[in-house]
Amino acid sequence: MRNNNDNYDIMQLTGYSKTQAQRLMRQAKAVMVADGFDWYSGKRISRVPIQAVEQILGFKINLENDIIDDVQVPSAVIGKDGFNDGKQG
C-alpha cells in the first residue's frame, strides 16, 4: 500500500493531468505545512501523504485497486430519460 505519493502516482490514481497533479502536490504540501509539518516546505520534497491529497479532493482513494471510492452516488443516475435524482414523479 502506497502511503506517500508523487506527481506520477497522483496522475495514476486520479486520472488528472500532469499540471493538475503538480497543483495538487503543491496544495498538499501547503496543507502539511499548515498542519505543523515544516519539513514539507522544502522545494525538493516530491512526495506527500495520500491523506493530504484526499483532504483536498474531498474523497477517499482506494489504493488496493487504484480506484476512487465514494464518488458514485447511487441515487444520482443519468439514463436515457435524463437525470434521475431518486425522486419519483
Show the atom names and distances, to 0.1 Å, of all donor-acceptor pairs under 3.5 Å that link a side chain in residues 24-44 to residues at least two apart or in another chain.
| from | atom 1 | to | atom 2 | distance (Å) |
| --- | --- | --- | --- | --- |
| Lys29 | NZ | Gly42 | O | 2.9 |
| Lys29 | NZ | Ile45 | O | 3.2 |
| Ser41 | OG | Asp38 | O | 2.6 |

Would you check, one step at a time, whether the test side-chain contact (heavy atoms from CB on, under 4.5 Å) holds for Asn5 with Val53?
-> CA-CA 9 Å; Asn5 297 283; Val53 175; 5.6 Å; no

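Annotation: salt bridge (Lys or Arg N to Asp or Glu O under 4.0 Å) contacts of Asp6 (sequence neighbours excluded): Arg47. Scanning for side-chain hydrogen bond (donor to acceptor under 3.5 Å, both in side chains) contacts around Gln20 gives Ser17, with sequence neighbours left out.
Counting only heavy atoms from C-beta outward, the side chains of Tyr16 and Leu57 approach each other to under 4.5 Å.
A distance of 7.0 Å separates OG1 of Thr14 from CZ of Phe59, quoted to the nearest 0.5 Å. To the nearest 0.5 Å, the span separating NZ on Lys18 from CZ on Arg23 amounts to 14.0 Å. Ile61 CD1 to Gln12 CD: the interatomic distance, rounded to the nearest 0.5 Å, is 12.0 Å.
Under the 4.5 Å side-chain heavy-atom criterion for grouping Ile, Leu, Val, Met, Phe, Trp and Tyr, Leu13 is not connected to Tyr8 through any hydrophobic cluster.
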